[in-house]
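Heads up, the thing below is written out as structure tokens.
Everything numeric here is computed off the predicted structure, so don't read it as measured data.
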Protein chains: 2
Amino acid sequence: MQVGADGPAVSARRDEILAIAAELFAEKGFATATVREIADTAGILSGSLYHHFDSKESMVDEILRTLLDDVLGRYRAAVAAGRDPAKTLRELVRAAFSALGSHRAAVAVMINEYNLLVQYPRFEYLRAGADETEQLWAGVVEDGIADGTFRSDIDPHMIYRFMRDAIWVSVRWYQPDGRYSPEEIADLYLDVLLDGIAA
Amino acid sequence: MQVGADGPAVSARRDEILAIAAELFAEKGFATATVREIADTAGILSGSLYHHFDSKESMVDEILRTLLDDVLGRYRAAVAAGRDPAKTLRELVRAAFSALGSHRAAVAVMINEYNLLVQYPRFEYLRAGADETEQLWAGVVEDGIADGTFRSDIDPHMIYRFMRDAIWVSVRWYQPDGRYSPEEIADLYLDVLLDGIAA
DNA sequence: GACGCGACCAAGCGCGCGCTAGGTTGCCCG
DNA sequence: CGGGCAACCTAGCGCGCGCTTGGTCGCGTC
């Protein structure tokens with residue numbers, strides 16, 4: 001078995017099972033999906049899962065950590081690039097929507113289980129990630145208000161919440177093979193957000 | 001025991017227990033909250049719940065039916081009033097946000113459990129309600145596009161989804177004793193939706 | 001003062017859950 | 001060709017779940 005620097009074990013089979021678990025957690029909820037279902041879908045017996053993972057909880061933990069690492073990395077990079085607020089915000093929105101393409105199931109698990117999991121010490125890092133995200137996004141909105149890009153009569157944190165909710169929850173209706181790609185949805189959303197729907 | 005025309009039994013104690021169940025379902029999820037917790041909070045034993053209800057499932061059923069009846073009634077009335085699209089849309093958004101005040105827990109249960117429950121025949125009415133809501137809302141947007149109130153280059157159903165998501169999911173951060181009332185949040189949201197955040 | 005009934009208790013059943021312990025198989029490497 | 005190990009199986013334990021059955025208590029009614 002190969003082992004990362006200080007991370008969990010590395011194995012193709014492991015990743016496969018983790019993807020199956022993410023799909024089932026997304027579809028039925030963490031509590032409702034059972035280890036037997038995950039094992040069945042993977043073509044093994046439930047007990048054999050524990051050769052790869054410590055517990056059901058550690059599966060969802062790994063799914064969410066991977067997602068959070070990826071999107072937070074993109075957010076940090078977008079802000080660090082130091083472009084003007086409008087462009088930076090566009091980068092952030094695109095980064096968030098693009099997670100729909102690359103981590104669809106994980107995003108669904110995140111929005112569905114966040115409130116439940118964040119109550120436990122093991123998952124406190126979820127709150128830390130959410131806080132950092134809010135700082136980054138709201139900061140960009142504040143910068144935009146300061147330099148006149150955005151209206152001065154809006155509440156940056158309220159705007160952040162509206163954006164976050166509309167973006168993340170779109171995982172519930174987003175269809176990978178549907179009419180719009182994540183990038184197109186991002187642009188449609190930004191268009192409405194910036195200019196409104198009034199004629 | 002009093003009985004409605006064709007509805008379930010009527011009793012103050014029953015309503016009390018139903019409110020407790022809604023609160024726990026909202027906080028921990030339908031699958032995770034147990035009948036023993038509900039009974040404990042109500043100050044009775046778990047078996048005694050079954051004097052009032054057929055099953056745990058019928059509790060969530062009643063919670064969601066009540067919510068759906070209320071909001072759908074408001075939506076129908078708003079559209080039937082026949083005002084101009086801008087005013088009608090404002091009524092719809094306010095009706096949705098006001099449910100945060102009057103049915104906070106029920107709204108949380110609806111958004112958290114919709115995808116799970118709608119898979120079962122017993123809860124098919126949830127999809128029917130969602131479909132009717134989409135027809136009503138998107139219809140108003142279409143009317144607004146037709147008469148020049150709204151931009152003609154937007155997708156009414158996409159706009160509906162963005163609105164619905166941002167509104168309903170706000171139950172996750174809405175605080176009854178917080179800075180903004182549901183009505184104020186509705187107006188803030190409408191302001192951004194109509195005119196955008198660009199200066 | 002017995003009766004009916006709404007509200008709840010007492011006790012526990014059966015099921016499916018997450019998880020465990022020890023054994024088997026087959027591939028890779030020296 | 002033999003040791004080591006990843007992958008999986010076999011069998012089942014114990015717990016907490018939703019729910020059931022039969023009984024108790026007290027209040028309002030005639």
Could you pick out which residue, Gly43(B) or Glu57(A), lies toward the 5' side of DNA chain C when each is mapped onto its nearest nucleotide? Gly43(B)
[X] has an atom [atom1]; how far is it from atom [atom2] of [N], in whole Å?
X: Met59(A); N: dC17(C); atom1: CE; atom2: P; value: 14 Å
X: Leu49(A); N: dG18(C); atom1: CG; atom2: P; value: 10 Å
X: His52(A); N: dG18(C); atom1: NE2; atom2: P; value: 17 Å
X: Phe53(B); N: dC8(C); atom1: CZ; atom2: P; value: 11 Å
X: Asp61(B); N: dG18(D); atom1: CG; atom2: C1'; value: 17 Å
X: Ile44(A); N: dA6(D); atom1: CD1; atom2: P; value: 16 Å

Quick one: which of [options] gets closest to the side chain of [X]?
X: Tyr50(A); options: dC9(C), dC19(C), dA7(C); answer: dC19(C)
X: His51(B); options: dA7(D), dC8(C), dC19(C); answer: dC8(C)
X: Ser46(A); options: dC8(D), dG18(D), dC19(C); answer: dC19(C)

Arg13(A) vs dC8(D): side-chain N/O to OP1/OP2 distance below 4.0 Å: yes
Any side-chain N or O of Ser48(B) under 4.0 Å from OP1/OP2 of dA7(C)? no
Categorize Leu45(A) for me: base, sugar-phosphate, or nothing, with a 4.0 angstrom heavy-atom threshold over every strand shown. base
Just call it for Ser55(B): base, sugar-phosphate, or nothing, with non-hydrogen atoms closer than 4.0 Å on any strand. sugar-phosphate
When you measure from the side chain of Glu132(B) to the backbone N and O of Gly129(B), does any donor-acceptor pair fall under 3.5 Å? no
Are the side chain of Arg151(B) and the backbone N or O of Gly196(A) linked by a donor-acceptor pair below 3.5 Å? yes
Can a side-chain donor-acceptor contact be found between Tyr180(A) and Asp155(B) if the only test is distance below 3.5 angstrom? yes
Going by atom types alone, do Asp165(B) and Trp168(A) pair a side-chain donor with an acceptor below 3.5 Å? no
Should Leu45(B) and Leu24(B) be counted in the same cluster of Ile, Leu, Val, Met, Phe, Trp and Tyr side chains packed under 4.5 Å apart? no
Can you name the residues that form a side-chain contact (heavy atoms from CB on, under 4.5 Å) with Pro176(B), not counting sequence neighbours? Arg104(B), Tyr174(B)
Taking only heavy atoms on the protein side, list every residue of residues 24-39 of chain B lying under 4.0 Å from any atom of DNA chain C, sorted numerically. none
Between Phe162(B) and Ile167(B), does a side-chain contact (heavy atoms from CB on, under 4.5 Å) hold up when you go through it step by step? CA-CA 8 Å; Phe162(B) 284 144; Ile167(B) 294 170; over 6 Å; no
